Amino acid sequence: MSANLPSVASDLLGWYDRHARELPWRAPPGTPPPDPYRVWLSEVMLQQTQVATVRPHFERWVARWPDFARLAAADDAEVMAAWAGLGYYARARNLLKGARAIVSDHGGRLPDSEAALRTIPGIGDYTAAAIAAIAFGRRAVVVDANVERVVARLAAIDTPLPAAKPAIRAATDAITPDAHAGDFAQAMMDLGSTICTTRAPRCLLCPIARHCRALAAGVPDRFPVKPTKRARPVRHGTMFWLERDGAVLLVRRPARGLLGGMRALPTGPWSDAPPGLADAPAEADWRISPATSEHGFTHFTLVSALASAVIDGHIAVADGEWWPIAQIESAGLPTVFAKAAAMFEGMRE
DNA sequence: GAGCCGTGGAG
DNA sequence: TCTCCAAGGCT
């Protein structure tokens, strides 16, 4: 790295003093750190999830479970339902495991070292560093996707990801100051999300533009270099809407894997061809809607047929719970099922 | 290491 | 409309 890089930190911190975003989990620049519980919760919610999506969930969550002890004592099903819509549901399972580990193994307080933090479920390299810096003021090298982008441009690192990660981490280490660790980390992330954006970076507004090698070369958006991705395949399935006395049959998905642990509509297998009524939850007079539901997951697109039936109480039904349709919003359905449920409800009238 | 794991916003 | 991808972690 060039010799002037340490001044990157002072330029960036000066900018952050003036432009830091006000966020419910954040302390203003230069003030004491916020409650570690709020830092931890926000960091987990923010994993692969944008600020605008997290904010309302965060507010509701801290009102309901304001500390580690309260969350550790919470009911699993309620926690999973509260996470509905946020995605990556393993985070909710790990959040609960994490809260219980903090209570049982750490006296109800978050440890302040990266190594100890990393032993807690749901906390990896990034989150451990972020918590250590933001909640405890420790110097830590915090590298998320924003920092990767900022630093890859700053140093014009042209090695493709993920092979570039060690070089990016070293370059980040070189510009990370000993003091104001939390502010520095958050300033880098604010910069990445508002100025040094993936597409069309606003270099004219950038407080560290004078240090940027990618900009000097005239190609800031060429970094970081990313590998090409495979196209998402399409998979087909069927969702079942089984109605009885104003209630609909919901099931709980297996604890692991896609949508693991979440309440759901019954589904058949997901496969290359439409599976029809395979694995229907009951023998019934199923009506297949002419409409289908489409939903994009991370690594495939699901196209679902919509099968509905109304039964009386005398028909044998697979396991599940009858949920009042009028209160379907409170079931905590993942978005893929909430969308389908809305379509089924529209078909009832 | 590479694949799995959601969702909504931006362009 | 469609593609890309975001405050990653786990296996």
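Model, not experiment: these values are computed from the prediction.
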The residue, A:Pro162 or A:His299, whose nearest nucleotide of DNA chain B is more 5′ is A:Pro162
Among Ile, Leu, Val, Met, Phe, Trp and Tyr joined by side-chain contacts under 4.5 Å, find the other residues sharing a cluster with A:Val251 and list them by chain and number. none
Apart from A:Leu249 itself, members of its ILVMFWY cluster (side-chain separation under 4.5 Å) are A:Phe240, A:Leu242, A:Leu277, A:Trp286, A:Ile288, A:Ile311, A:Ile315, A:Val317, A:Trp322
Round to a whole Å and report the spacing from CD of A:Glu294 to P of B:dG8. 15 Å
Return a table of donor-acceptor pairs under 3.5 angstrom between the side chains of residues 109-128 of chain A and protein atoms on other chains or two or more places apart.
unit_1, atom_1, unit_2, atom_2, d
A:Asp112, OD1, A:Arg138, NH2, 3.4
A:Ser113, OG, A:Ala116, N, 3.1
A:Arg118, NE, A:Asp125, OD1, 2.9
A:Thr119, OG1, A:Ala116, O, 2.6
A:Tyr126, OH, A:Glu43, OE1, 2.6
A:Thr127, OG1, A:Gln47, NE2, 3.0

In whole angstrom, what separates A:Arg235's CZ from B:dC4's P? 9 Å
Which is true for A:Thr127 with a 4.0 Å heavy-atom rule: it touches a base, it touches only sugar-phosphate, or it touches nothing? sugar-phosphate
Using the C1' atom as the point on both nucleotides, what is the distance between B:dG1 and C:dG9, in whole Å? 14 Å
Report the residues that fulfil side chain to side chain contact (heavy atoms under 4.5 Å, CB included) with A:Ala77, sequence neighbours left out, ordered by chain and then residue number. A:Asp75, A:Arg252, A:Arg263
Within 45° of the six-membered ring axis of A:Phe300 and under 6.0 Å from that ring's centre, is NZ or CZ of A:Arg235 located there? yes
Polar atom pairs (N or O), protein with nucleotides 9-11 of chain B, under 3.5 Å:
none

DNA chain C: 5'-most and 3'-most nucleotides touching chain A, 4.0 angstrom heavy-atom criterion: C:dC4 to C:dC10
What does A:Arg93 touch in the nucleic acid at a heavy-atom separation under 4.0 angstrom: a base, only the sugar-phosphate, or nothing? nothing
Which value, in whole Å, describes the distance between the P atoms of nucleotides B:dG6 and C:dT11? 14 Å
Expressed in angstrom and rounded to an integer, what is the separation of A:Met262 atom CE from B:dT7 atom C1'? 12 Å
Any donor-acceptor pair under 3.5 Å between the side chain of A:Thr49 and the base of B:dG8? no
